[in-house]
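FYI, side chains are in, hydrogens and waters are out, and symmetry mates aren't considered; it's all heavy atoms of this structure. Below, chain A is the first sequence line, B the second, and so on; all start at residue 1.
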Amino acid sequence: MENRYHSVRLDVSRCRGCTNCLKRCPTEAIRIRDGRANIIDEKCIDCGECIRICSYHAKVAVVDAMETIKRFKYAVALPAPTLYGQFRGLKQPELVLEALKQIGFDDVFEVARGADVVTKAIREKMKTGDIPMPLISSACPAVVRLIQVRFPSLLPNVVDIRQPMEVAASMARREFCLKRGCAPEEVGCFFITPCPAKMTAIRRPIAQEKSELDGAVSVMEIYGLLLPHIKKMQADPDFHLATRYGISWAVSDGESNAVCPEDSLSVDGIPNVIRVLEEVENGKLKDLRYLEGNACVGGCVGGPLTFENNYVAKNTIQTMAHSMPRRHPDEDVPSSCLNKYPVRNDRRIEPNNAMQLDSNIIVAMQKIQRIHELMERLPGYDCGSCGSPTCETFAEDIVNGRCREMDCIHLMKQEIQRMAQEMVTLAQMKRE
Amino acid sequence: MNGLIHSEYPRETADYTHAGEASADIKRQLRQLGVSANVMRRVAVASYEVELNLVIHSEGGVLTLDVFPDRVVLVSKDRGPGIPDVEMAMREGYSTANEEARALGFGAGMGLPNMKRNADGFEITSQVGVGTEIRMMFMLQ
Ligand SMILES: Nc1ncnc2c1ncn2[C@@H]1O[C@H](COP(=O)(O)OP(=O)(O)OP(=O)(O)O)[C@@H](O)[C@H]1O
Ligand code: SF4
Ligand SMILES: [Mg+2]
């Protein structure tokens, strides 16, 4: 079932069937049926909004546990720069990198270095002229999947360069094999992930045949393991190689500032991303050259699998970046890098037609007609008691045969009143 | 003639809070129909521009969506004030948008030209003191 893989799952035993996640899901992918939440696979973009909102911790992100790295002869850790932000006041990323080796990894490769290469690749692409305006970042997989579901007309604007973690993994594997003289398949490359979206992108890549990564362990788990080590460490200062720009990809603005400091916009938080994408689709942001969208507030430091408060983490990252030399990836990344490693996507990003009511357009039109009719009778409270997020989605679910009119307690009440009225009339008739 | 799908969106002068909602709903319906990305993109631009013109320039009116098996039709019809020189209004850069609209980023004088460019069929009729009617058609295949 790899082609339907989702990292975000429901722990049925904890779900109380409340409507919190139902209301929060940006793609209307959740329904409450038989008193439990249900995630519609085709619509879910793994953004993790439901994980954040669920008070009962019934929504979970499935990632690899630390033990899985033992499946490989060698394991290389690829920390998202967000990991550095977890350690309040951290000055040197080297400390984190060194500590990762202490907890069982054979080597470490910064994903921020991948971000440097991606920065350069996108900048080269932007010089070539004929590119869509604005170019939309492909770094946040939740945003790319959101575009597939809700803004398919914007897919041509999504940059066709791989995510930093993918580029970093290609580099890491090659470097490690050269260093140790081992075979590529002996090496497991593990991303240290802030979110389920990246996990899903590894198991079920959007625009690659196969991910360069072998798995992902959460920032949260790694943070706990690293903490005891980090305090008593001395680091080798040459160990860390990414630029301040690469590291800044962990926070909102970091990417656009590296890629295209002028005429760019960065938006964070899914509802804000949706608002801006609407405007792009309506042709209102034509002068914009680059759009960075992050599903999480503050950028990846706000990921659902992080430990530190995202504002504090942002501050840690920014302070660290400011103390680093001003080298830009333009100078820092050798051009040969762009040919040596795969940086382009393997295939086009296809629309996700999960919102389509029927593959036959006439049938789809008839369904919309019925939705309009139903909308006239539904109260418009969007209360969620029927198990669908809004009256409109409830009408959609009815025409798709997923529920019945009487699942709406308000229609039910009307029906009962009507029947009661009928009984009264009947009773009166008998008396005469 | 009404289409298989028919929706009406009344818009009032300077009601910026609801501006964009008609276009958002139109896009939602077209997504449910699974229309191609190309049509989607063109209808998105044209419906938004025409909806905003109703809010910014008209004394109130209605935008209607009709979808037929082979085409999408958008009609905007308002109660005035009408456009004195339609040819001039169609030119890129021509705008009479007021301060308020300009402060919100409108008034580049690109709306009508963009509608014409994006639609497969475009007609505009206007009479001062009566109103403006714009009809746009988009082929589905
Ligand atoms: N429904 C309407 N009623 C009256 N006048 C209109 C109407 N629609 C357009 N106009 C006139 O035509 C002009 C050009 O319209 P157009 O949409 O091209 O530009 P704009 O609305 O001024 O600016 P933009 O659309 O770029 O924000 C308007 O400034 C206005 O004078
Ligand atoms: S913003 Fe970053 S952490 Fe959040 S979903 Fe996107 S990639 Fe993951
Ligand atoms: Mg206009």
Checking [X] against chain B: side chain, backbone, both or neither under 4.5 Å from a heavy atom?
| X | answer |
| --- | --- |
| A:Val149 | backbone |
| A:Pro152 | both |
| A:Ile361 | both |
| A:Ile368 | side chain |

Indicate the atoms forming the closest heavy-atom contact of [X] with [Y], along with that distance.
| X | Y | answer |
| --- | --- | --- |
| A:Pro141 | A:Ile206 | O-CD1, 3.9 Å |
| B:Glu12 | B:Gly60 | OE1-CA, 4.2 Å |
| A:Ala395 | A:Met375 | CB-SD, 4.4 Å |

*Okay, side chain of B:Arg79, backbone of B:Glu59: is any donor-acceptor separation there less than 3.5 Å?*
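Indeed, once roles are kept as given, a pair shorter than 3.5 Å links the two residues.
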
*Test side chain to side chain contact (heavy atoms under 4.5 Å, CB included) on A:Ile45 and A:Val143 and set out the steps.*
CA-CA 8 Å; A:Ile45 59 172; A:Val143 169; over 6 Å; no

*Assess whether side chain to side chain contact (heavy atoms under 4.5 Å, CB included) is satisfied between B:Ser126 and B:Glu133, documenting all intermediate values.*
CA-CA 6 Å; B:Ser126 189; B:Glu133 181 171 335; over 6 Å; no

*asked:* Checking B:Leu65 against B:Leu63 for the side chain to side chain contact (heavy atoms under 4.5 Å, CB included) test, could you report, in this order, the C-alpha distance in whole Å, the side-chain angles of both residues, the deciding distance, and whether it holds?
replied: CA-CA 7 Å; B:Leu65 163 77; B:Leu63 174 61; over 6 Å; no

*Which of A:Leu357, A:Ile362, A:Val363, A:Ile371 touches chain B most, by non-hydrogen pairs under 4.5 Å*: A:Leu357

*Return the set of residues passing side chain to side chain contact (heavy atoms under 4.5 Å, CB included) with B:Ile124 (not counting sequence neighbours), or none when no residue passes.*
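Result, side chain to side chain contact (heavy atoms under 4.5 Å, CB included) vs B:Ile124: B:Ile83, B:Val86, B:Met90, B:Leu112, B:Phe122, B:Thr132, B:Ile134.
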
*Is it the side chain or the backbone of B:Leu30 that comes within 4.5 Å of chain A heavy atoms, both, or neither?*
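When you check distances to chain A, no heavy atom of B:Leu30 falls under 4.5 Å.
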
*Walk me through it: do A:Met133 and A:Leu288 pass the test side chain to side chain contact (heavy atoms under 4.5 Å, CB included)?*
CA-CA 6 Å; A:Met133 297 264 275; A:Leu288 203 60; over 6 Å; no

Tabulate, with distances rounded to 0.1 Å, every donor-acceptor pair spanning chain A and chain B at under 3.5 Å.
{"from": "B:Leu4", "atom 1": "O", "to": "A:Gln369", "atom 2": "NE2", "distance (Å)": "2.7"}
{"from": "B:Lys27", "atom 1": "NZ", "to": "A:Glu278", "atom 2": "OE1", "distance (Å)": "2.5"}
{"from": "B:Lys27", "atom 1": "NZ", "to": "A:Glu281", "atom 2": "OE1", "distance (Å)": "2.8"}
{"from": "B:Lys27", "atom 1": "NZ", "to": "A:Asn282", "atom 2": "OD1", "distance (Å)": "2.9"}
{"from": "B:Arg28", "atom 1": "NE", "to": "A:Glu392", "atom 2": "OE2", "distance (Å)": "3.4"}
{"from": "B:Arg28", "atom 1": "NH2", "to": "A:Glu28", "atom 2": "OE1", "distance (Å)": "3.4"}
{"from": "B:Arg28", "atom 1": "NH2", "to": "A:Glu396", "atom 2": "OE2", "distance (Å)": "2.7"}
{"from": "B:Arg31", "atom 1": "NH1", "to": "A:Arg150", "atom 2": "O", "distance (Å)": "2.7"}
{"from": "B:Gln32", "atom 1": "O", "to": "A:Leu357", "atom 2": "N", "distance (Å)": "2.7"}
{"from": "B:Gln32", "atom 1": "NE2", "to": "A:Glu396", "atom 2": "OE2", "distance (Å)": "2.9"}
{"from": "B:Arg41", "atom 1": "NE", "to": "A:Ser153", "atom 2": "O", "distance (Å)": "3.4"}
{"from": "B:Arg41", "atom 1": "NH2", "to": "A:Ser153", "atom 2": "O", "distance (Å)": "2.9"}
{"from": "B:Arg41", "atom 1": "NH2", "to": "A:Asn157", "atom 2": "OD1", "distance (Å)": "2.9"}

